[in-house]
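Step one of this worksheet: look at the structure below.
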Amino acid sequence: MDYDIVIRNGSLIDGTGSPARPGDIAVREGRIAAIGEVAGKAREEIDAGGMAVAPGFIDIHTHYDAQLFWDPKASPSSHHGVTTIVCGNCGFSIAPLSGDADDAEYLIAMLSRVEGMSVEALKAGVPWDWTSFGQYLDHFEGKLAVNAGFMVGHSALRRAVMHERAVGEKATRADIAEMEALLSESIAAGGLGLSSTICPIHTDADGQPIPSRWADDEEIYALSAVVGRHEGTVLEFQPNNLGAFDEAEMARMAKMATLADRPLNWNLFVSVAPEYERHNSQLAASDYAAERGGHVSALASVQAMTMRVNLISGFVFDQLPDWGDTMKLPFDERIKALADPDNRKRLAEGVGRQGGLFAAWGKLREWRVDEVFDDANRDLQGLTIGEIADRQGKAPIDAMLDLAVAEGLRTSFQGPPIGDDPESWRLRAESWRDKRTIIGGSDAGAHLDMIDTFAFSSMVLGEGVRNRAILPIEDAIHQMTGLPARHLGLRDRGELREGAHADIVVFDPETIDCGPVRTRTDLPTDAVRLYADAIGMHHVIVNGTSIVRDGRYTEQYPGKVLRSGVDTMTPIL
């Protein structure tokens, strides 16, 4: 055979933003061998008539660090055409480890709290048998369906060096020096760079700020400088993005980027009207950095913010005014507190004071019951809290909490969508076209029972391109392939060209979409997650091997662990 795969008769969208053109693509030994009119035979022939053929999508912000152990396909992202993922964002890597079991236990509990991962699944599905970052990466060699790169998380570094002191104490100069050395060692082993967060919603299992939030700027800047001493590295950061950026917020990211001389991407830029001051100030952070010689990009959200939440994890609820102390209580005490009439009155008053970006969540009557777990409550699923309150003759807070307490807090609720109005969509459209952004921030692998943004690529192409005509399909593909590849410095990925790695997707632009979102119990210990297949995604090829054929997984694992300086080069932006 002349080739391993030939894709014929497709509309080629090469990832550069150039206009689509008809043609064939031939693949040999994991790379694109020919583009145009391809003669010769192949072991696998794909007729892409009427289909778009594009580079595989790159998800620059995921949390698949643990899930890859039991799900090397990184599902459902790969079903939606994602062929390359970046893990370890927001400071939440699970390597390096100190070797002290208490430190691993802390990270498990922290991930469960802040990223919505099941403690039982993390303990049952992850071996936790490494100390170094390189040992962690070695676990995945030859076992992945997708390409995966890993950031070195600030909270993991801090915990490995400072142990219990990582929460509550400023690092000494000796602590910082040890963190610098450990970060350098981790990057030398393949880590893509440093990730960190100071966002106030990031709290650990005890309700305390997670380790990186205890770092001062001296610590953050010292670690950023380490990144700049290694080839092919980047920075990822989550600032306090809940409100407008002040100069200190912009200056911090600019200095991180300039000290490292590396691009920094921050998560997440959410478009919501009428938060115009917030919108403009956050985009201005890129201009502020550029004026000082740095490169800062915002990761732009792809949809209105909808979350499925429950009172077991308490995530989101603990950010409502006056709810924090109740959500910090142990489970049995929390149920008692949520059933207490006097406490309920205080909680209701707190909801009513919710403002800012999450002002819509202050309208308790508009919250909706997303999923119930007892047959006796089936008729309540899908109703608003206001509808239930009126039916039962109760106050909204009592209607919500009576249901939750009766179901052992398992009931899933959904707050009113944030940013689903015409003006928010206008701002979102502007952000997708803005040179200061990269479409991304899926958080795939995290908040498993809360969000469906793992389908960001299908949502952009279906809702954004086809339904709303926000931007041409060529520009959308560039935003999810060539642009993030360049930002990350990925070698020979993100474009369809001869010699590039054969990461390729074949999809129907007339039907591409996210399928129905549903709950699955396919994590270790039967823990739950939300899942949705892609519609219209016919073929996904990674390094020249089909991992999705005719919409079904092939159970092939050709993915590569992407190591800095080997699979990446220092970005030139």
Is a donor from one side chain sitting under 3.5 angstrom from an acceptor on the other, for Tyr136 and Ser93?
no
Side-chain contact test, heavy atoms from C-beta onward, threshold under 4.5 Å: evaluate it for Leu122 versus Leu111 and give yes or no.
yes
Any side-chain donor paired with an acceptor under 3.5 Å for Glu120 and Ser118?
yes
Filter on side-chain hydrogen bond (donor to acceptor under 3.5 Å, both in side chains), then keep only pairs touching residues 468-482, sequence neighbours left out; what's left?
Glu463-Arg468
Taking the side chain as every heavy atom from C-beta outward, state whether Ser271 and Ser431 have any atom pair closer than 4.5 Å.
yes
Are Pro55 and Ile477 side-chain neighbours, meaning at least one heavy-atom pair lies under 4.5 Å?
yes
Worked verdict on Glu498 versus Arg31 for salt bridge (charged side-chain N to carboxylate O under 4.0 Å, His left out)
CA-CA 8 Å; Glu498 290 186 14; Arg31 293 194 180 246; over 6 Å; no
Give a yes or no on whether Asp261 atom CG has more than 12 heavy-atom contacts from other residues, nucleotides or ligands under 6.0 Å away.
no
Tell me every residue that passes ring-ring contact (aromatic ring centres under 6.0 Å, His included) with Phe507, counting only those two or more places apart in sequence or in another chain.
none
Glu29 atom CD, over 12 foreign heavy atoms within 6.0 Å:
no
Paired with His139, the ring-ring contact (aromatic ring centres under 6.0 Å, His included) test is passed by just one of Trp128, Phe150, Trp130, Phe133, namely Trp130
Do the side-chain N and O atoms of Thr16 and Glu495 include a donor-acceptor pair separated by under 3.5 angstrom?
no
Taking only residues two or more places apart in sequence, or in another chain, which ones meet Gln303 in a side-chain contact (heavy atoms from CB on, under 4.5 Å)?
Thr306, Asp452, Thr453, Met459
Passing option when Ile25 is tested against Val38, Ile32, Ile541 for side-chain contact (heavy atoms from CB on, under 4.5 Å)
Ile32
OG/Ser18 to CG/Leu12 distance, rounded to the nearest 0.5 angstrom?
11.5 Å
For atom CD of Glu141, decide whether the heavy atoms of other residues, nucleotides or ligands shown that lie under 6.0 angstrom number more than 12.
yes
What residue among Arg43, Lys41, Arg28 forms salt bridge (charged side-chain N to carboxylate O under 4.0 Å, His left out) with Asp4?
Arg43
Decide whether Asp526 and Thr521 meet the rule of one side-chain donor and one side-chain acceptor closer than 3.5 Å.
no
Distance under 6.0 Å and angle within 45° of ring axis: Arg292 vs Tyr288:
yes
Output, in order, the C-alpha distance, side-chain angles, deciding distance and verdict of salt bridge (charged side-chain N to carboxylate O under 4.0 Å, His left out) for Asp533 and Arg518.
CA-CA 10 Å; Asp533 286 322; Arg518 59 193 185 277; 3.5 Å; yes
